[in-house]
Amino acid sequence: MVENYEVNVNELTFEVTKKIRGYMKALIEHGGSDLHVKANSQVRARINGDIVVVTKEKMSREDSITMAKEILRSRFKELVENKEIDFLYQFDENTHFRGNMFFQMDGVSAVFRVIPARIKSIDELHLPQAIHKLTDLHRGLVLVTGVTGSGKSTTLAAIIDEINKKHKKHIITIEDPIEFVHKDQKCLINQRSIGQDTLSFTRALRAALREDPDIILVGEMRDVETIDTALHAAETGHLVLSTLHTLDAKETINRTISVFPPEEQNRVRHTLASVLQGILSQRLVKTVDGGRTAAIEILFNTSYVQKLIFEGRDMEIKDALDAGTQIHGTQSFDTALLNLYREGRITLEEALNNATSPNDLKLRIEGLDVRTETTGSVNAAAEPAHGFENDGDIFGLKED
């Protein structure tokens, strides 16, 4: 147990933080996404999707608590009381980290995710061109979905950034915590962090409706009340952007509706069919050069898709997405994977491993593609995904 809640900054040496910053610097240089620090364990990093050991030295329980005090300072008491905490850590003017600290059986653990200060554009992220259409919307609901770490926040940041450069709007973001910082350009942007600037998503979202917004970004639709308020905001003429932890468009629709009581679900289905503008469901897949890219299922609420949602014919949505590719720019996950494979960016194995219907995708590849097993780089990825021969001290840092 940690008995001393109060932190006297004058008593701290910040030697542990100095080491952590060294790991952060190396993580950035190696193109990693997350730094994992755990009491009684070696420091690890996620590089190109893989967790790898980066130091030989283990962090002691005492040093893990010191790390928490040095980084959190006055918020250390909050960690002790709540057992976990979200925060932002400013590394330098170009980079900050979204952090989470929590207690586990050996002491304190922390995960630091890299958040670059410069927001990459839709084109720089190699996202489908059809996504540009979302930046010209004036009302409705847009959802970006996927598992944790699939790049949802990065995609949303690119969309907001393009809107900021093109239109004169008032944008309010409600996040936990704020990740990408947007500076006012053509838009006026107010960014609010849960805990620091507001008490909850629902409270901030309700208040936003009285703050003359054109666009509201809700970091995550976590509960019935938040989802209902977001649907109401979209229904009353605002553009609402948010995220859900769902795998594809069909599951997103089902999840949004099913969280409501049975007697409310018919009303919610009709509202969703009316206000939904688009769903981007993304998964990060490994590329042949050892990096990662997003395979994105794209749903735009065409009149036919709206009819399917309204009538509860969700099982037909996947086929509708592929049928609308040429005209509307929609696509299923399997079509996104097929395109990445045919461009030579991912292997056949990676495409099939991430497919919604692997057998169907295999038939499409065999029928539409003339590649053979002897094709150069498409089927060969000999290098380790993280770019290192062996785990252990891969950052090349000398321990004290």
Side-chain angles (χ1 to χ4, degrees), residues 13-39 41-59 63-64 66-68 70-72 86-101 108-121 123-127 148-155 157-158 161 177-181 183 284-294 345-346 377 381-400:
T13 65
F14 294 95
E15 287 300 314
V16 177
T17 299
K18 183 178 178 182
K19 282 189 176 182
I20 299 298
R21 288 182 60 84
Y23 302 144
M24 288 176 170
K25 182 175 184 293
L27 180 78
I28 296 166
E29 292 172 348
H30 284 83
S33 61
D34 299 85
L35 185 71
H36 291 257
V37 183
K38 176 187 174 184
S41 185
Q42 297 161 305
V43 176
R44 287 169 167 81
R46 187 178 295 277
I47 300 177
N48 294 328
D50 294 329
I51 294 288
V52 294
V53 176
V54 299
T55 63
K56 296 175 182 177
E57 180 188 41
K58 292 184 178 181
M59 173 166 284
D63 279 351
S64 76
T66 300
M67 170 190 69
E70 290 180 350
I71 289 178
L72 296 176
D86 292 314
F87 59 94
L88 280 184
Y89 180 79
Q90 187 76 35
F91 181 75
D92 57 28
E93 61 181 13
N94 297 316
T95 308
H96 61 269
F97 286 80
R98 184 188 74 193
N100 180 277
M101 282 190 191
V108 174
S109 283
V111 181
F112 301 91
R113 169 157 295 181
V114 180
I115 307 293
R118 193 181 77 82
I119 298 170
K120 288 187 177 181
S121 69
D123 292 335
E124 287 176 314
L125 292 170
H126 304 290
L127 301 179
T148 301
S150 59
K152 299 184 295 296
S153 297
T154 302
T155 297
D161 187 60
I178 293 168
E179 296 186 20
F180 294 91
V181 177
K183 298 187 182 300
L284 291 183
V285 296
K286 292 182 180 180
T287 56
V288 295
D289 61 2
R292 292 192 295 173
T293 192
R345 297 179 64 192
I346 65 174
S377 62
E383 293 298 320
H386 50 72
F388 297 93
E389 294 294 336
N390 298 296
D391 288 350
D393 203 23
I394 62 172
F395 284 172
L397 298 174
K398 293 183 179 179
E399 306 296 350
D400 295 335

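Quick note: residue numbers are just sequence positions, from 1. All values below were derived from every heavy atom in this structure, side-chain atoms included, with hydrogens, water molecules and symmetry-related copies excluded.
- Rounding to the nearest 0.5 Å places OG of Ser153 at 6.0 Å from CZ of Arg98.
- A donor-acceptor pair is defined here as one N or O able to donate and one able to accept, closer than 3.5 Å; no such pair exists between the side chain of Asp86 and the backbone of Pro177.
- Between Met101 and Met67, the closest side-chain pair of non-hydrogen atoms falls below 4.5 Å.
- Of the possible donor and acceptor atoms, none in the side chain of Ser64 sits under 3.5 Å from a partner among the backbone N and O of Ala39.
- Between atom CG of residue Leu88 and atom NE2 of residue His96 there is a gap of 5.0 Å, rounded to the nearest 0.5 Å.
- More than 12 heavy atoms of other residues, nucleotides or ligands lie within 6.0 Å of CD in Glu29, so this atom counts as buried by the packing criterion.
- Atoms CG and NZ, from Leu127 and Lys120 in turn, are 10.5 Å apart once rounded to the nearest 0.5 Å.
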Step-by-step side chain to side chain contact (heavy atoms under 4.5 Å, CB included) determination, Asp34 to Phe97: CA-CA 9 Å; Asp34 299 85; Phe97 286 80; over 6 Å; no
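- The shortest distance between side-chain heavy atoms of Val54 and Gln42 does not fall below 4.5 Å.
- Note on ring orientation: taking the six-membered ring where Trp is involved, the planes of Phe112 and Tyr89 are perpendicular (angle over 60°, cut-offs 30° and 60°).
- Remark: Glu124 engages Arg118 in a salt bridge, criterion side-chain N to carboxylate O under 4.0 Å.
- Thr55 and Glu57 make their closest contact through OG1-O, 3.3 Å (heavy atoms, listed as atom of the first residue, atom of the second, distance).
- When only modelled atom types and interatomic distance are considered, Asp123 and Ser121 share no side-chain donor-acceptor pair under 3.5 Å.
- In this structure, Thr154 OG1 and Ile119 CD1 are separated by 9.5 Å, a value rounded to the nearest 0.5 Å.
- Figure legend: Arg21 and Phe91 shown as a cation-pi pair, the cationic atom lying under 6.0 angstrom from the six-membered ring centre and within 45 degrees of its axis.
- Under the 3.5 Å distance criterion, the side-chain polar atoms of Ser41 are left unmatched by any main-chain donor or acceptor of Val37.
- A heavy-atom distance below 4.5 Å is found between the side chains of Leu35 and Val43.
- Here the shortest heavy-atom pairing between Arg44 and Ile51 reads CD-CG2, 3.8 Å.
- Side-chain contact between Ile115 and Phe180 is present, with at least one heavy-atom pair separated by less than 4.5 Å.
- A 4.5 Å side-chain heavy-atom check between Thr293 and Arg345 finds at least one atom pair inside the cut-off.
- Taking CD1 from Ile71 and CZ from Phe14, the interatomic distance works out to 9.5 Å, rounded to the nearest 0.5 Å.
- Shown here for Thr287 and Arg292, the closest heavy-atom pair between the two residues is OG1-N, 3.8 Å.
- By the 4.0 Å N-to-carboxylate-O rule, Lys19 lies too far from Glu15 to be salt-bridged with it.
- The structure places OG1 of Thr66 at 8.5 Å from CE of Met59, a figure rounded to the nearest 0.5 Å.
- In this structure, the side chain of Asp92 engages the main chain of Asn94 through a donor-acceptor pair within 3.5 Å.
- Contact check on Lys183 versus Asp161 returns no salt bridge, with no Lys/Arg side-chain nitrogen under 4.0 Å from an Asp/Glu carboxylate oxygen.
- Annotation for Gly149 and Leu284: closest pair O-CD1, 3.3 Å, computed over non-hydrogen atoms.
- For the pair Leu27 and Val114, the minimum side-chain heavy-atom distance is below 4.5 Å.
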